[in-house]
Amino acid sequence: MRVLVTGAAGFIGSHVVEALTARGHETVGFDLRDGSDVRSAGAVASALPGVDAVCHQAAMVGLGTRFGDAPEYVSHNDLGTAVLLAAMAEAGVRRLVLAGSMVVYGEGSYRCERHGVVRPGPRSVKDLEGGGFEPMCPECGQELSPGLVGEDAPVDPRNVYATTKLAQEHLSAAWARSTGGSAVSLRYHNVYGPGMPRDTPYAGVASFFRSALARGEAPRVFEDGGQRRDFVHVRDVAAANVAALEAEPRQGALTTYNTGSGQPHTVGEMACALASAYGGPEPVVTGEYRLGDVRHITADSSRLRAELDWKTEVGFAEGMQEFATAKLRGE
């Protein structure tokens with residue numbers, strides 16, 4: 001299979017290229033770092049002849065620094081996706097795998113002892129300032145138990161990045177219905193591993209901590225460190241992309257798959273594991289917060305394992321040990 005990989009020089013994209021090549025596929029790299037912009041209809045059109053499928057990894061990622069980043073996020077993620085899909089429709093390319101994200105869910109799944117499954121609203125500044133980090137039941141105000149989110153859960157993006165990732169899925173679904181194409185969105189969890197970008201406000205929390213350790217500083221853990229996440233290794237994510245590309249296509253539809261390790265850990269646990277493996281200063285819990293962050297988001301990835309015969313190969317302890325000394329982008 002000849003596969004166009006957008007964002008091929010990026011963190012996840014480069015691992016996808018490596019995994020596809022190892023499986024005997026031919027890849028066509030397309031990346032802004034090399035002067036190829038998915039927002040350029042001409043550049044995309046010139047890359048598509050002879051391509052059987054597109055693996056769309058190119059995106060502006062992370063929470064950003066302010067709402068003023070919104071036009072740039074929309075331009076890179078949504079306009080770029082629209083241009084790519086339009087070119088695919090014209091060229092007759094009918095297979096797409098999209099780098100989705102679990103951020104489309106907003107907060108994770110919660111259960112109240114009295115009211116069952118509930119959906120808490122965004123946390124207030126007042127609560128966060130007072131150290132009230134846990135969402136409470138919207139019905140009775142009591143504590144909630146976090147659980148796993150399935151692909152059929154309602155979506156509720158809580159920040160600009162999340163909103164653009166959901167829009168990418170809607171565009172992909174519309175493209176699939178219009179062209180009879182097959183679209184798969186892999187809703188990534190917190191991806192980490194070799195080649196992560198360092199020292200950028202748009203990177204993930206694992207990169208923040210690793211960069212701090214490299215500077216000889218203690219990782220700064222926001223809130224109380226109890227936020228639950230699913231840290232999944234980049235090689236496992238790359239393998240999920242290969243599995244999605246090699247699977248029998250479902251024509252005329254978008255299929256979504258949660259893509260996580262299935263082993264939730266708190267942010268504090270991850271910071272401690274990484275600091276220990278690195279041999280650096282112990283993490284400092286700061287109590288700081290970022291509006292738009294969610295408290296707990298861990299999802300059920302059993303659909304991906306069952307339907308695409310995918311499984312993770314890198315465990316949490318092993319992955320953190322490797323990541324502690326792995327080279328980051330920019331080092």
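If you're wondering where the values come from, they're calculated on a predicted model, not measured in any experiment.
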Would you list the atom pairs, donor with acceptor, under 3.5 Å between side chains in residues 45-53 and any protein atom, with sequence neighbours excluded?
unit_1 : atom_1 : unit_2 : atom_2 : d
Ser46  : OG     : Gly42  : O      : 3.4
Ser46  : OG     : Ala43  : O      : 2.8
Asp52  : OD2    : Arg2   : N      : 2.8

For Met102, the option from Asn190, Thr298, Val149, Asp230 that meets side-chain contact (heavy atoms from CB on, under 4.5 Å): Asn190
Between Leu166 and His170, is the side chain to side chain contact (heavy atoms under 4.5 Å, CB included) condition met? List the steps. CA-CA 6 Å; Leu166 182 57; His170 289 322; 3.6 Å; yes
Test Tyr188 against every option in Asn258, Thr259, Asn241 by the side chain to side chain donor-acceptor pair (under 3.5 Å) rule and name the one that passes. Asn241
From the list His56, His76, Lys165, side chain to side chain donor-acceptor pair (under 3.5 Å) partner of Thr81 resolves to His56
Decide yes or no for Ser14 and Arg329: does some side-chain heavy atom of the first lie under 4.5 Å from some side-chain heavy atom of the second? yes
Just wondering, do His15 and His233 contact through their side chains at under 4.5 Å, heavy atoms? no
CD of Gln263: more than 12 outside heavy atoms within 6.0 angstrom? yes
Within the supplied structure, the quantity of interest is the number of heavy atoms (other residues, nucleotides, ligands) at a distance under 6.0 Å from Glu282 CD; does it exceed 12? no
Tell me which pairs pass salt bridge (charged side-chain N to carboxylate O under 4.0 Å, His left out) where either residue lies in [range], with sequence neighbours left out.
{"range": "residues 172-188", "result": "Glu169-Arg187"}
{"range": "residues 109-118", "result": "none"}
{"range": "residues 235-263", "result": "Arg23-Glu246, Arg235-Glu322, Arg250-Glu307"}

Is a donor on one side and an acceptor on the other found under 3.5 Å between the side chain of Ser75 and the backbone of Pro71? no
Qualifying residues under salt bridge (charged side-chain N to carboxylate O under 4.0 Å, His left out), relative to Arg305, sequence neighbours excluded: none
Which donor-acceptor pairs under 3.5 Å do the side chains of residues 129-137 make with protein atoms, sequence neighbours left out?
unit_1 : atom_1 : unit_2 : atom_2 : d
Glu129 : OE2    : Tyr289 : OH     : 2.8
Glu134 : OE1    : His296 : NE2    : 2.9
Glu134 : OE2    : Arg295 : NE     : 3.1
Glu134 : OE2    : Arg295 : NH2    : 3.0
Glu134 : OE2    : His296 : NE2    : 3.2

Here the pair of heavy atoms bringing Leu274 nearest to Arg210 is CD2-N, 3.8 Å
Show your working on side chain to side chain contact (heavy atoms under 4.5 Å, CB included) between Phe11 and Val191 and close with a plain yes or no. CA-CA 10 Å; Phe11 167 45; Val191 186; 3.9 Å; yes
